[in-house]
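Let me begin by presenting the structure, written as structure tokens, before commenting on it.
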Amino acid sequence: MKTYNIYADHGVKGLESFADDRGTITDIFYMSNMNHGCIITNQPGAVRGNHYHKFTTQYTYILSGTLTYYSKSIGGDEPTDVFDAVAGDMIISEPLEIHAMRSGADGCVFIAFAEGPRGGADYESDTYRVDDITQ
């Protein structure tokens, strides 16, 4: 798992923020090839994921609320990595990385982006379910 916060980590991957009297435009990607994006809403305590992708890199961008994000390598004996995400955080799960998430006490809204097959008719074509890693 890799992470960055679009508000705190300006300059990461060329990200910039532009402000004037109308408001602000803040990059969340720069020079990335995305194949899919969707908005996901979560009730408090909801668990999603517990899967991996063989070919897809998944980006999870937190819009509101909080989320505990879990990840680990397939077949690895190392403990599960845990990251407590807040609005503005981007979490990147690369191919062959098991990932799962649990919404915080107020729920969570995030956008999931994918480089690789993920949306429409391909929604489950590169998704491989595993036992719960959030325990």
Side-chain angles (χ1 to χ4, degrees):
M1 162 183 24
K2 298 177 186 173
T3 66
Y4 61 90
N5 185 286
I6 67 161
Y7 302 113
D9 297 326
H10 288 247
V12 172
K13 296 187 174 199
L15 301 179
E16 298 291 338
S17 186
F18 307 91
D20 61 22
D21 60 345
R22 300 170 294 170
T24 305
I25 298 171
T26 302
D27 295 337
I28 59 173
F29 293 109
Y30 177 67
M31 303 296 288
S32 295
N33 295 317
M34 294 298 143
N35 300 101
H36 179 256
C38 63
I39 298 172
I40 300 175
T41 61
N42 301 280
Q43 297 299 318
V47 174
R48 292 192 182 268
N50 283 307
H51 64 244
Y52 66 93
H53 310 287
K54 289 184 180 178
F55 307 104
T56 301
T57 298
Q58 181 173 314
Y59 298 79
T60 302
Y61 174 69
I62 309 303
L63 289 172
S64 65
T66 59
L67 185 78
T68 302
Y69 201 92
Y70 305 83
S71 72
K72 67 183 303 176
S73 299
I74 292 175
D77 292 333
E78 74 281 350
T80 301
D81 288 330
V82 179
F83 179 73
D84 292 318
V86 299
D89 281 336
M90 178 71 75
I91 307 155
I92 304 152
S93 290
E94 295 181 339
L96 304 179
E97 182 179 294
I98 299 168
H99 51 279
M101 54 212 74
R102 183 183 304 276
S103 297
D106 295 324
C108 181
V109 178
F110 64 85
I111 302 176
F113 298 95
E115 284 182 280
R118 188 66 178 133
D122 287 324
Y123 182 71
E124 292 288 326
S125 68
D126 188 33
T127 300
Y128 302 88
R129 306 276 172 204
V130 298
D131 292 334
D132 190 353
I133 65 168
T134 66
Q135 305 302 318

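For the pair T66 and D84, the minimum side-chain heavy-atom distance is 4.5 Å or more. By the 4.5 Å heavy-atom criterion applied to side chains, F113 and I111 are counted as neighbours. At a threshold of 4.5 Å between non-hydrogen side-chain atoms, the residues Y70 and M1 do not count as touching. Counting heavy atoms from C-beta on, the side chains of T56 and E115 never come closer than 4.5 Å. Contact of the H53 side chain with the T127 side chain is registered, since non-hydrogen atoms from C-beta on lie closer than 4.5 Å.
In this view, Y52 and Y128 satisfy the ring pair (Phe, Tyr, Trp, His ring centres under 6.0 Å) rule, not counting sequence neighbours. Partners of D20 by salt bridge (Lys or Arg N to Asp or Glu O under 4.0 Å), not counting sequence neighbours, listed by chain and number: R22. For the ring pair (Phe, Tyr, Trp, His ring centres under 6.0 Å) test, no residue two or more places apart in sequence or in another chain qualifies with Y61. Residues passing the side-chain hydrogen bond (donor to acceptor under 3.5 Å, both in side chains) test with S73: none are found, sequence neighbours excluded.
Residue Q43 places its CD atom among 12 or fewer non-hydrogen atoms of other residues, nucleotides or ligands, all under 6.0 Å distant.
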Acceptor/donor pairs from residues 101-109 side chains to any protein atom, 3.5 angstrom cut, sequence neighbours excluded:
{"residue": "R102", "atom": "NH2", "partner": "T134", "partner atom": "OG1", "Å": "2.8"}

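Remark: the backbone N or O of S71 is not paired with any side-chain donor or acceptor of E97 at under 3.5 angstrom. Looking only at distances, a side-chain donor or acceptor of N35 sits under 3.5 Å from a matching main-chain atom of G116.
By the rule that hydrophobic residues join a cluster once side-chain heavy atoms approach within less than 4.5 Å of another member, F18 and I28 end up as members of separate clusters. The same ILVMFWY cluster, assembled from side-chain heavy atoms under 4.5 Å apart, contains both M34 and L63. When the side chains of ILVMFWY residues are joined at heavy-atom separations under 4.5 Å, either directly or via intervening members, I91 and F110 end up in a single hydrophobic cluster.
A distance of 5.5 Å separates CZ of R48 from CD1 of I40, quoted to the nearest 0.5 Å. Of the inter-residue distances, the one linking K2 atom NZ with Y59 atom OH reads 8.0 Å to the nearest 0.5 angstrom.
Shown here for K72 and I133, the closest heavy-atom pair between the two residues is CD-CG2, 4.1 Å.
In summary, the side chains of Y69 and S93 do present a donor paired with an acceptor at a separation below 3.5 Å, with no hydrogens or angles considered.
Under the salt bridge (Lys or Arg N to Asp or Glu O under 4.0 Å) criterion, the residue pairs touching residues 124-135 are E124-R129, with sequence neighbours excluded.
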